[in-house]
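Proteins come first, then strands; the chains are lettered A, B, ... in the order of their sequence lines, and each starts at number 1.
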Amino acid sequence: MTSYRLYTSEKINLKLTLFSGQIFSFKKTGENTFTGVFKNKIITFYQKNEEVFYDYEHEIQKELEIFFTLDIKYIPLLNFYKSICKEYNFEYSGLRLLRVDLLECIFSFICSTNNTVKRITKMVNYLFSKGEFLGEKNGEKFFKFPKLNLLIDSEDLKNKKFGYRSEYISETAKSLLNFSEDVLRGKCLNENFLVSLKGIGNKVSDCIKLMGLNKLDTVPIDTHVFKSIKILFKVNDKLSKKNYFFYQGLFRYKFGKYCGIAQLYIFKEVMDKSNKKIFE
DNA sequence: CTGCACCCTGTTTT
DNA sequence: AAAAACAGGGTGC
(Lines give C-alpha, C1' and ligand atoms only; values in the text may rest on other atoms or scores of the structure.)
Protein backbone atom coordinates (compact mmCIF):
# COMPACT_ATOMS: atom_id res chain seq x y z
CA MET A 1 0.00 0.00 0.00
CA THR A 2 1.50 3.27 -1.09
CA SER A 3 0.42 6.86 -0.87
CA TYR A 4 -0.06 8.94 -4.00
CA ARG A 5 -1.25 12.39 -4.77
CA LEU A 6 -4.23 12.78 -7.07
CA TYR A 7 -3.54 15.58 -9.53
CA THR A 8 -6.64 17.56 -10.38
CA SER A 9 -7.31 20.67 -12.44
CA GLU A 10 -10.38 21.43 -10.31
CA LYS A 11 -10.50 20.98 -6.54
CA ILE A 12 -12.45 18.02 -5.26
CA ASN A 13 -14.42 18.03 -2.02
CA LEU A 14 -14.22 14.39 -1.00
CA LYS A 15 -16.75 14.47 1.80
CA LEU A 16 -19.33 16.23 -0.32
CA THR A 17 -18.79 13.90 -3.24
CA LEU A 18 -18.58 10.53 -1.49
CA PHE A 19 -21.67 11.12 0.66
CA SER A 20 -23.99 12.81 -1.80
CA GLY A 21 -26.18 9.82 -2.58
CA GLN A 22 -24.22 8.62 -5.59
CA ILE A 23 -22.19 5.90 -3.93
CA PHE A 24 -22.98 4.25 -0.61
CA SER A 25 -19.94 2.11 0.13
CA PHE A 26 -17.44 4.62 1.50
CA LYS A 27 -16.79 5.00 5.21
CA LYS A 28 -15.16 7.73 7.22
CA THR A 29 -12.00 6.16 8.62
CA GLY A 30 -10.31 9.22 10.08
CA GLU A 31 -10.12 12.97 9.96
CA ASN A 32 -10.80 13.91 6.33
CA THR A 33 -10.14 10.28 5.51
CA PHE A 34 -12.51 8.01 3.64
CA THR A 35 -12.11 4.36 2.71
CA GLY A 36 -13.93 2.22 0.19
CA VAL A 37 -13.40 -0.35 -2.51
CA PHE A 38 -12.26 0.65 -5.98
CA LYS A 39 -11.80 -1.98 -8.69
CA ASN A 40 -11.90 -4.76 -6.10
CA LYS A 41 -9.17 -3.26 -3.93
CA ILE A 42 -9.25 -1.08 -0.84
CA ILE A 43 -8.72 2.61 -1.44
CA THR A 44 -8.33 5.34 1.15
CA PHE A 45 -8.72 8.97 0.19
CA TYR A 46 -7.66 11.85 2.36
CA GLN A 47 -7.87 15.54 1.97
CA LYS A 48 -5.12 17.93 3.06
CA ASN A 49 -6.34 21.46 2.53
CA GLU A 50 -7.35 21.40 -1.11
CA GLU A 51 -5.20 18.50 -2.20
CA VAL A 52 -6.35 14.89 -2.42
CA PHE A 53 -4.16 11.89 -1.69
CA TYR A 54 -4.94 8.21 -1.88
CA ASP A 55 -3.55 4.95 -0.57
CA TYR A 56 -3.74 2.13 -3.08
CA GLU A 57 -1.81 -0.85 -4.31
CA HIS A 58 -0.43 1.13 -7.22
CA GLU A 59 -0.73 4.48 -8.94
CA ILE A 60 -4.16 4.99 -10.59
CA GLN A 61 -4.23 8.63 -11.63
CA LYS A 62 -6.01 7.89 -14.91
CA GLU A 63 -8.63 5.62 -13.35
CA LEU A 64 -9.43 8.15 -10.65
CA GLU A 65 -9.75 10.93 -13.22
CA ILE A 66 -12.53 8.83 -14.71
CA PHE A 67 -14.05 8.06 -11.31
CA PHE A 68 -14.28 11.75 -10.37
CA THR A 69 -15.23 12.86 -13.92
CA LEU A 70 -12.14 15.04 -14.05
CA ASP A 71 -12.26 14.80 -17.85
CA ILE A 72 -15.11 17.29 -17.62
CA LYS A 73 -14.41 20.87 -16.63
CA TYR A 74 -17.12 21.86 -14.20
CA ILE A 75 -16.33 25.55 -13.79
CA PRO A 76 -17.05 26.56 -17.40
CA LEU A 77 -20.03 24.23 -17.39
CA LEU A 78 -21.45 25.79 -14.22
CA ASN A 79 -20.84 29.26 -15.63
CA PHE A 80 -22.92 28.27 -18.60
CA TYR A 81 -25.70 27.05 -16.29
CA LYS A 82 -25.54 30.35 -14.40
CA SER A 83 -26.03 32.24 -17.64
CA ILE A 84 -29.16 30.34 -18.63
CA CYS A 85 -30.73 29.72 -15.24
CA LYS A 86 -31.20 32.28 -12.49
CA GLU A 87 -33.12 30.10 -10.07
CA TYR A 88 -30.01 28.35 -8.75
CA ASN A 89 -26.48 29.42 -7.88
CA PHE A 90 -24.41 26.70 -9.57
CA GLU A 91 -21.43 27.55 -7.37
CA TYR A 92 -18.58 25.09 -7.77
CA SER A 93 -18.16 23.36 -4.42
CA GLY A 94 -15.89 20.45 -5.26
CA LEU A 95 -18.92 18.21 -5.65
CA ARG A 96 -18.26 15.81 -8.53
CA LEU A 97 -20.41 13.38 -10.38
CA LEU A 98 -18.99 9.89 -9.89
CA ARG A 99 -18.64 7.00 -12.30
CA VAL A 100 -19.50 4.02 -10.15
CA ASP A 101 -19.03 0.30 -10.72
CA LEU A 102 -22.03 -0.97 -12.66
CA LEU A 103 -23.09 -3.88 -10.44
CA GLU A 104 -22.64 -1.89 -7.25
CA CYS A 105 -24.68 0.85 -8.85
CA ILE A 106 -27.54 -1.43 -9.90
CA PHE A 107 -28.01 -3.00 -6.48
CA SER A 108 -27.45 0.22 -4.55
CA PHE A 109 -30.22 1.99 -6.41
CA ILE A 110 -32.59 -0.94 -6.13
CA CYS A 111 -32.14 -0.41 -2.38
CA SER A 112 -32.81 3.30 -2.77
CA THR A 113 -36.56 3.16 -3.44
CA ASN A 114 -38.60 4.93 -0.76
CA ASN A 115 -35.51 5.12 1.36
CA THR A 116 -33.00 7.39 3.01
CA VAL A 117 -29.26 7.57 2.41
CA LYS A 118 -28.60 6.41 5.94
CA ARG A 119 -30.46 3.16 5.51
CA ILE A 120 -29.36 2.62 1.90
CA THR A 121 -25.79 2.80 3.19
CA LYS A 122 -26.53 0.18 5.81
CA MET A 123 -28.10 -2.11 3.23
CA VAL A 124 -25.33 -1.69 0.67
CA ASN A 125 -22.75 -2.43 3.35
CA TYR A 126 -24.57 -5.65 4.12
CA LEU A 127 -24.52 -6.66 0.47
CA PHE A 128 -20.77 -6.02 0.33
CA SER A 129 -20.27 -8.14 3.46
CA LYS A 130 -21.26 -11.18 1.41
CA GLY A 131 -18.26 -10.64 -0.87
CA GLU A 132 -14.63 -11.64 -0.50
CA PHE A 133 -12.94 -10.06 2.50
CA LEU A 134 -10.27 -7.56 1.52
CA GLY A 135 -9.04 -6.14 4.80
CA GLU A 136 -9.65 -3.61 7.55
CA LYS A 137 -9.09 0.07 7.98
CA ASN A 138 -9.58 1.74 11.33
CA GLY A 139 -11.73 -1.13 12.53
CA GLU A 140 -14.00 -1.11 9.47
CA LYS A 141 -14.07 -4.19 7.27
CA PHE A 142 -14.05 -4.03 3.49
CA PHE A 143 -15.13 -6.59 0.92
CA LYS A 144 -15.31 -7.03 -2.83
CA PHE A 145 -18.79 -6.67 -4.25
CA PRO A 146 -20.23 -10.20 -3.99
CA LYS A 147 -20.76 -12.59 -6.88
CA LEU A 148 -24.37 -12.53 -8.02
CA ASN A 149 -25.18 -16.01 -6.76
CA LEU A 150 -24.60 -14.69 -3.25
CA LEU A 151 -27.46 -12.21 -3.66
CA ILE A 152 -30.30 -14.59 -4.48
CA ASP A 153 -31.21 -15.58 -0.90
CA SER A 154 -34.20 -13.29 -0.40
CA GLU A 155 -35.08 -14.79 3.00
CA ASP A 156 -31.73 -13.70 4.35
CA LEU A 157 -32.31 -10.19 3.01
CA LYS A 158 -35.76 -10.08 4.58
CA ASN A 159 -34.24 -10.97 7.93
CA LYS A 160 -31.86 -8.06 7.44
CA LYS A 161 -34.80 -5.66 7.02
CA PHE A 162 -34.52 -5.15 3.28
CA GLY A 163 -38.30 -5.35 3.16
CA TYR A 164 -39.93 -5.63 -0.25
CA ARG A 165 -36.57 -4.86 -1.86
CA SER A 166 -35.42 -8.38 -0.90
CA GLU A 167 -37.30 -9.92 -3.81
CA TYR A 168 -36.12 -7.21 -6.19
CA ILE A 169 -32.48 -7.91 -5.37
CA SER A 170 -32.92 -11.65 -5.53
CA GLU A 171 -34.82 -11.59 -8.84
CA THR A 172 -32.44 -9.10 -10.46
CA ALA A 173 -29.41 -11.11 -9.32
CA LYS A 174 -30.94 -14.19 -10.93
CA SER A 175 -31.60 -12.31 -14.16
CA LEU A 176 -28.05 -10.99 -14.37
CA LEU A 177 -26.37 -14.25 -13.40
CA ASN A 178 -26.11 -15.38 -17.01
CA PHE A 179 -24.08 -12.45 -18.28
CA SER A 180 -20.42 -11.58 -18.03
CA GLU A 181 -19.76 -8.04 -16.92
CA ASP A 182 -18.79 -6.89 -20.40
CA VAL A 183 -21.92 -8.34 -21.96
CA LEU A 184 -23.95 -6.85 -19.13
CA ARG A 185 -22.60 -3.38 -19.77
CA GLY A 186 -23.72 -3.61 -23.37
CA LYS A 187 -27.16 -4.89 -22.42
CA CYS A 188 -27.70 -2.18 -19.82
CA LEU A 189 -27.02 0.48 -22.45
CA ASN A 190 -30.08 -0.83 -24.23
CA GLU A 191 -32.97 1.49 -23.54
CA ASN A 192 -35.33 -1.19 -22.27
CA PHE A 193 -33.11 -3.66 -20.45
CA LEU A 194 -32.70 -2.02 -17.05
CA VAL A 195 -36.40 -1.30 -16.57
CA SER A 196 -37.15 -4.92 -17.41
CA LEU A 197 -35.41 -5.93 -14.18
CA LYS A 198 -37.36 -6.27 -10.95
CA GLY A 199 -37.21 -3.20 -8.77
CA ILE A 200 -35.95 -0.90 -11.52
CA GLY A 201 -38.29 1.74 -12.90
CA ASN A 202 -37.54 4.96 -14.79
CA LYS A 203 -35.89 6.79 -11.93
CA VAL A 204 -33.65 3.97 -10.70
CA SER A 205 -32.75 3.12 -14.29
CA ASP A 206 -31.66 6.70 -14.86
CA CYS A 207 -29.52 6.70 -11.71
CA ILE A 208 -27.76 3.62 -13.03
CA LYS A 209 -27.27 5.18 -16.46
CA LEU A 210 -25.88 8.41 -15.01
CA MET A 211 -23.53 6.97 -12.40
CA GLY A 212 -22.91 3.48 -13.76
CA LEU A 213 -23.02 3.75 -17.54
CA ASN A 214 -21.40 7.11 -18.23
CA LYS A 215 -24.57 8.57 -19.71
CA LEU A 216 -24.10 12.10 -18.45
CA ASP A 217 -27.08 13.47 -20.35
CA THR A 218 -29.39 11.50 -18.07
CA VAL A 219 -31.54 13.28 -15.50
CA PRO A 220 -33.08 11.03 -12.85
CA ILE A 221 -36.31 12.72 -11.76
CA ASP A 222 -37.22 12.16 -8.13
CA THR A 223 -39.75 14.19 -6.16
CA HIS A 224 -37.20 16.91 -5.35
CA VAL A 225 -35.89 17.30 -8.88
CA PHE A 226 -39.48 17.38 -10.09
CA LYS A 227 -40.24 20.23 -7.73
CA SER A 228 -37.43 22.24 -9.30
CA ILE A 229 -38.59 21.28 -12.79
CA LYS A 230 -42.00 22.75 -11.93
CA ILE A 231 -40.29 25.99 -10.94
CA LEU A 232 -37.86 26.07 -13.88
CA PHE A 233 -40.49 25.44 -16.51
CA LYS A 234 -43.40 27.09 -14.73
CA VAL A 235 -45.69 24.11 -14.77
CA ASN A 236 -48.04 22.67 -12.19
CA ASP A 237 -48.28 18.98 -12.83
CA LYS A 238 -47.87 15.63 -11.17
CA LEU A 239 -45.04 13.32 -12.12
CA SER A 240 -46.29 10.18 -13.80
CA LYS A 241 -44.84 7.33 -15.79
CA LYS A 242 -46.08 8.98 -18.94
CA ASN A 243 -44.80 12.52 -18.56
CA TYR A 244 -41.47 11.45 -16.99
CA PHE A 245 -39.69 11.45 -20.34
CA PHE A 246 -41.34 14.67 -21.44
CA TYR A 247 -39.98 16.60 -18.48
CA GLN A 248 -36.63 14.88 -18.77
CA GLY A 249 -36.48 16.05 -22.38
CA LEU A 250 -37.30 19.58 -21.33
CA PHE A 251 -34.47 19.54 -18.78
CA ARG A 252 -32.03 18.05 -21.26
CA TYR A 253 -32.91 20.61 -23.92
CA LYS A 254 -32.20 23.44 -21.49
CA PHE A 255 -28.99 22.18 -19.90
CA GLY A 256 -27.45 20.21 -22.73
CA LYS A 257 -25.40 17.08 -22.96
CA TYR A 258 -24.03 17.19 -19.41
CA CYS A 259 -27.42 17.88 -17.87
CA GLY A 260 -26.82 15.07 -15.37
CA ILE A 261 -24.29 17.37 -13.72
CA ALA A 262 -26.78 20.24 -13.70
CA GLN A 263 -29.18 17.87 -11.98
CA LEU A 264 -26.56 16.98 -9.36
CA TYR A 265 -25.96 20.63 -8.49
CA ILE A 266 -29.64 21.55 -8.46
CA PHE A 267 -30.44 18.55 -6.30
CA LYS A 268 -27.76 19.59 -3.84
CA GLU A 269 -29.08 23.14 -3.65
CA VAL A 270 -32.64 21.93 -3.15
CA MET A 271 -31.50 19.62 -0.35
CA ASP A 272 -29.51 22.39 1.36
CA LYS A 273 -32.42 24.81 1.18
CA SER A 274 -35.03 22.40 2.49
CA ASN A 275 -32.64 21.67 5.36
CA LYS A 276 -33.01 17.95 4.95
CA LYS A 277 -30.28 15.90 6.50
CA ILE A 278 -30.06 13.47 3.67
CA PHE A 279 -26.29 13.71 3.42
CA GLU A 280 -25.39 11.84 6.57
C1' DC B 1 -52.26 2.78 -21.59
C1' DT B 2 -53.51 5.34 -17.14
C1' DG B 3 -54.52 5.56 -12.42
C1' DC B 4 -54.08 3.91 -7.90
C1' DA B 5 -53.52 0.97 -3.62
C1' DC B 6 -49.99 -1.13 -1.58
C1' DC B 7 -45.42 -2.24 -0.23
C1' DC B 8 -41.02 -2.79 4.36
C1' DT B 9 -38.91 -0.01 7.62
C1' DG B 10 -37.17 4.01 10.26
C1' DT B 11 -37.95 8.67 11.32
C1' DT B 12 -40.60 12.84 11.71
C1' DT B 13 -44.85 15.21 12.17
C1' DT B 14 -49.54 15.71 13.82
C1' DA C 1 -48.53 8.58 23.50
C1' DA C 2 -50.49 6.81 19.37
C1' DA C 3 -51.30 7.50 14.62
C1' DA C 4 -50.31 9.21 10.27
C1' DA C 5 -47.23 10.90 6.90
C1' DC C 6 -43.12 10.79 4.74
C1' DA C 7 -38.61 9.12 2.80
C1' DG C 8 -34.40 10.68 -3.41
C1' DG C 9 -40.24 4.66 -6.30
C1' DG C 10 -41.87 0.37 -8.20
C1' DT C 11 -45.21 -3.22 -8.94
C1' DG C 12 -49.32 -5.16 -10.20
C1' DC C 13 -54.17 -4.96 -10.53
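Using a 4.0 Å heavy-atom cutoff across all strands shown, A:Lys241 reaches no nucleic acid atom at all. Heavy atoms of A:Ile120 sit nowhere under 4.0 angstrom from any nucleic acid atom. Residue-level contact check: A:Leu157 touches neither bases nor backbone, having no heavy atom under 4.0 Å from any strand. Using a 4.0 Å heavy-atom cutoff across all strands shown, A:Phe109 reaches at least one base atom of the nucleic acid.
As a whole-Å value, the separation of A:Ile229 CD1 from C:dG8 P is 17 Å. Here the P atom of nucleotide B:dG3 and the OH atom of A:Tyr244 are 17 Å apart, to the nearest Å. Regarding A:Lys227, its NZ atom lies at a distance of 10 Å from the C1' atom of C:dC6, rounded to whole Å. We find that CG of A:Asn115 is positioned 9 Å from P of C:dG9, with the value rounded to whole Å. Protein atom OH of A:Tyr126 is 15 Å distant from nucleotide atom P of B:dT9, rounded to whole Å. For the pair A:Tyr265 OH and C:dG8 P, the interatomic distance rounds to 20 Å; values are reported in whole Å. Whole-Å rounding puts the A:Asn243 CG to B:dC1 P distance at 15 Å. Following rounding to the nearest Å, A:Phe245 (CZ) and B:dC1 (P) show an atom-to-atom distance of 13 Å.
When distances run from any side-chain atom of A:Lys198 to the nucleotides C:dG12, C:dG10, B:dG3, the shortest one goes to C:dG12. Each of B:dC8, C:dG10, C:dG8 was ranked by its minimum atom distance to the side chain of A:Arg165; first place goes to B:dC8.
Just one residue in the list A:Asn178, A:Thr172, A:Leu177 forms a side chain to side chain contact (heavy atoms under 4.5 Å, CB included) with A:Leu148, and that residue is A:Leu177.
Of the charged side-chain nitrogens involved, none lies within less than 4.0 Å of a carboxylate oxygen, so that A:Glu63 and A:Arg99 do not count as a salt-bridged pair. Checked for salt-bridge contact, A:Asp153 and A:Lys130 miss the test: no charged N lies under 4.0 Å from a carboxylate O. No salt bridge links A:Asp156 with A:Lys160; every basic N to acidic carboxylate O contact stays at or beyond 4.0 Å. A salt bridge does not link A:Lys198 to A:Glu167: none of the charged side-chain nitrogens sits closer than 4.0 Å to a carboxylate oxygen.
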Trace of the salt bridge (Lys or Arg N to Asp or Glu O under 4.0 Å) decision for A:Lys137 with A:Glu140:
CA-CA 5 Å; A:Lys137 176 79 184 181; A:Glu140 301 276 6; over 6 Å; no

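By the 6.0 Å and 45° rule, A:Lys82 does not stack over the aromatic ring of A:Phe90. Cation-pi check for A:Lys27 over A:Phe142 is met; the charged atom lies under 6.0 angstrom from the ring centroid and within 45 degrees of its normal.
Partners of A:Gln22 by side chain to side chain donor-acceptor pair (under 3.5 Å), not counting sequence neighbours, listed by chain and number: A:Ser20.
Of all heavy-atom pairs spanning A:Lys73 and A:Ser9, the tightest one is NZ-OG, 2.8 Å.
Straight-line distance between the P atoms of B:dC8 and C:dC13: roughly 14 Å, to the nearest whole Å. Comparing C:dG9 with B:dC1, their P atoms are spaced 25 Å from each other, to the whole Å. Rounded to whole Å, the separation between the P atoms of C:dG8 and B:dT13 comes to 13 Å.
Toward the 5′ end of DNA chain C lies the nearest nucleotide of A:Met211, the other residue of the pair A:Leu197 and A:Met211 mapping further downstream.
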Look for any protein N or O under 3.5 Å of an N or O in nucleotides 10-14 of chain B and output each such pair with its distance, or none.
none

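When base pairs are accepted only as Watson-Crick or G-U wobble with both N-N or N-O distances under 3.5 Å, DNA chain B takes part in stems of 3 or more pairs at B:3-7 with C:9-13, B:9-14 with C:2-7.
Between the base of C:dG9 and the side chain of A:Tyr168 there is no donor-acceptor pair shorter than 3.5 Å.
The side chain of A:Lys242 places an N or O atom within less than 4.0 Å of a non-bridging phosphate oxygen (OP1 or OP2) of B:dT2.
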